[in-house]
Amino acid sequence: QTNEELFTACGDEVLLQVFSFLSPLQLLSAVSLVCVRWHTIANDRLLWRVYLKNCFSHVCNLDYYLASFPCKEAFLFMSVYNSSSWLYRT
């Protein structure tokens, strides 16, 4: 099997687990551009919720942001008001 066939055979849950080891920058700049399926998985609400908690839970209470925005957008919103190092965190 080729690499392409291996990734096609993987379930969405497996790819989501693999993507969870990448940084937000990698998801935004590369993974989500590969194909529609990868874009959908890279925008998974639970994945971005983990990024939010890992990167910003020490800054503020995230409940407001999670209630007001989808997780990815809340993550990007919070990044505007914090260090740009958020892009590289996993």
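In this structure a side-chain-to-backbone donor-acceptor pair under 3.5 Å is present from Trp48 to Ala42. Looking at Gln26, its side chain does come within 3.5 Å of a backbone N or O of Ser23 through a donor-acceptor pair. Ser32 places a side-chain N or O within 3.5 Å of a backbone atom of Leu27 that can act as its donor or acceptor partner.
By the 4.5 Å heavy-atom criterion applied to side chains, His39 and Val31 are not counted as neighbours. Residues Ser20 and Val50 form no side-chain contact, since every pair of their non-hydrogen atoms from C-beta on lies 4.5 Å or further apart.
Distance check: Asn43 CG to Phe19 CZ gives 10.5 Å after rounding to the nearest 0.5 Å. Annotation: the span from Leu16 atom CG to Thr40 atom OG1 amounts to 12.0 Å, rounded to 0.5 Å.
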Inset, instruction - Please assess Arg49 against Asp44 for the test side chain to side chain contact (heavy atoms under 4.5 Å, CB included), listing each intermediate value before the final yes or no. - result: CA-CA 9 Å; Arg49 185 180 189 96; Asp44 183 81; over 6 Å; no

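Scanning all heavy atoms of the two residues, the minimum distance from Arg37 to Thr8 falls at NH1-O, 3.6 Å.
The cluster map of Ile, Leu, Val, Met, Phe, Trp and Tyr, joined by side-chain heavy atoms under 4.5 Å apart, puts Leu33 and Ile41 in different clusters.
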